[in-house]
Amino acid sequence: MNKKNIEELEKYLLDFLDTTIINLSTTNVELMKTIVNDVYAICDGEVLSPKERLKYIYNLVKTKNEITLKSVIKHLYNYAGEHFYSALKKKTTNNKVMQKILKNQTKTVSKMFRDIAPENLVLVLGGQQQTLDNAYCNLIKEATLLSHIGAIDTQTAINKIVKELGGSGGVKVMRGNNAIRVDTVVRQIVLDSSHEVAQQVQFEVGKQLKCDGVEITAHGICADDHLRVQGKIFTNAEFEKINSKLHRKIGTHNCRHMIMPVILKNHVPRYTTKELEAINEASTKNIEIAGKNYTRYEATQLQRQIETKLRYAKEALEIYKTNEDKTMATKQQKYITVLNKQYTEVCKVADLTKRPKRTQIVK
């Protein structure tokens with residue numbers, strides 16, 4: 001594959017990821033609004049069956065997750081097809097090895113999606129991690145007690161609960177002792193599985209062509225631990241030795257580098273020495289943002305953090321709007337404005353492309 005092929009595939013992957021995250025944020029907002037509406041119903045004296053409502057909520061999450069899973073699998077087939085076509089000029093459906101790669105990766109992805117089944121989801125309320133069903137039941141009980149025993153008026157009771165939901169950070173998945181947002185987990189699944197499929201295709205190409213070396217792709221914003229490796233050419237044995245000593249191996253843990261098999265005696269390097277120096281300089285360039293120094297790579301991490309904060313903040317705003325809580329909505333909108341200014345500054349100073357889709361929460 002040439003540089004243009006790789007850039008096109010990366011754009012396809014990023015566009016797909018952005019759309020997937022928007023869909024998941026939409027689901028999160030819909031789920032939170034459902035809980036708010038149920039709290040209102042309870043406070044208005046309606047008799048709700050927690051069991052039936054939980055069944056509805058679980059079905060909502062399950063259905064949306066299944067749709068997301070199907071879209072991820074479809075994406076893998078399209079993504080792999082593009083890689084395979086570029087590499088061997090054959091149709092994916094006519095290659096048994098390719099089908100095996102896709103079948104294995106589809107199984108892996110399906111297994112990963114079991115982690116975000118409704119019964120494994122949590123809400124963090126008041127600093128405490130609670131399963132989705134326990135959180136729902138506790139919120140309903142809280143609404144009932146606060147509004148019916150006359151401790152505070154109904155609207156104040158609802159506002160208290162909605163504020164808790166707005167500050168919860170949304171539905172999360174337990175990973176070890178950490179509660180991680182569903183969209184973050186799915187993003188990692190997409191990145192890892194896409195990379196694995198693409199890499200396995202390249203390895204198959206190398207095997208068929210009897211390649212005796214590899215060239216590592218290079219990109220302009222590279223983490224420090226991979227700078228000395230990117231864009232370089234190695235024999236298979238050399239690369240295996242180098243990669244085994246890296247704490248974060250090439251192609252793993254959010255690494256976007258590809259290991260491209262080559263025939264050493266015939267291979268023309270993809271990058272000149274001058275091009276590679278310019279690429280590495282773009283990653284290590286020091287930038288001052290809000291009085292602190294960052295490399296350009298670190299600036300991309302800051303960009304991603306702000307994008308995530310914006311998404312969460314907008315979700316919370318939707319919850320406050322559902323509750324018609326003008327005070328909290330106004331406060332949240334001001335916070336979003338501050339985050340947008342920070343985002344614009346980081347992108348401008350670090351010369352990064354704005355990705356507004358990453359901050360959206362509705363289709």
Short side-chain donor-acceptor distance under 3.5 Å, Q208 and E204: yes
Side-chain donor-acceptor contact under 3.5 Å, Q305 with Q301: no
Polar contact flag, side-chain donor to acceptor under 3.5 angstrom, S25-E315: yes
Under 3.5 Å side-chain donor-acceptor pair for E298 and N293: no
Salt bridge (charged side-chain N to carboxylate O under 4.0 Å, His left out) between K285 and D351, intermediate numbers included: CA-CA 11 Å; K285 180 182 177 182; D351 192 24; over 6 Å; no
Donor-acceptor contacts under 3.5 Å from residues 233-241 side chains, at least two apart:
residue	atom	partner	partner atom	Å
T235	OG1	E238	N	3.0
T235	OG1	E238	OE1	3.4
N236	OD1	G213	N	3.4
N236	ND2	C211	O	3.3
E238	OE1	T235	N	2.9

Side-chain donor-acceptor pair present, N134, T131, cut-off under 3.5 Å: yes
Short side-chain donor-acceptor distance under 3.5 Å, D192 and Q188: yes
Salt bridge (charged side-chain N to carboxylate O under 4.0 Å, His left out) partners of E164, counting only residues at least two apart: K160
Heavy atoms from other residues, nucleotides or ligands near CZ of R248 exceed 12 (cutoff 6.0 Å): yes
Pair listing, side-chain hydrogen bond (donor to acceptor under 3.5 Å, both in side chains) test, anchored in residues 105-117, at least two apart: D115-R175
Over 12 non-hydrogen atoms of neighbours within 6.0 angstrom of NZ in K249: yes
salt_bridge(D183, R311) N-O dist < 4.0 Å: yes
Exercise: do K354 and T344 side chains pair donor with acceptor under 3.5 Å: yes
Neighbour count above 12 (heavy atom, 6.0 Å) for E324 CD: no
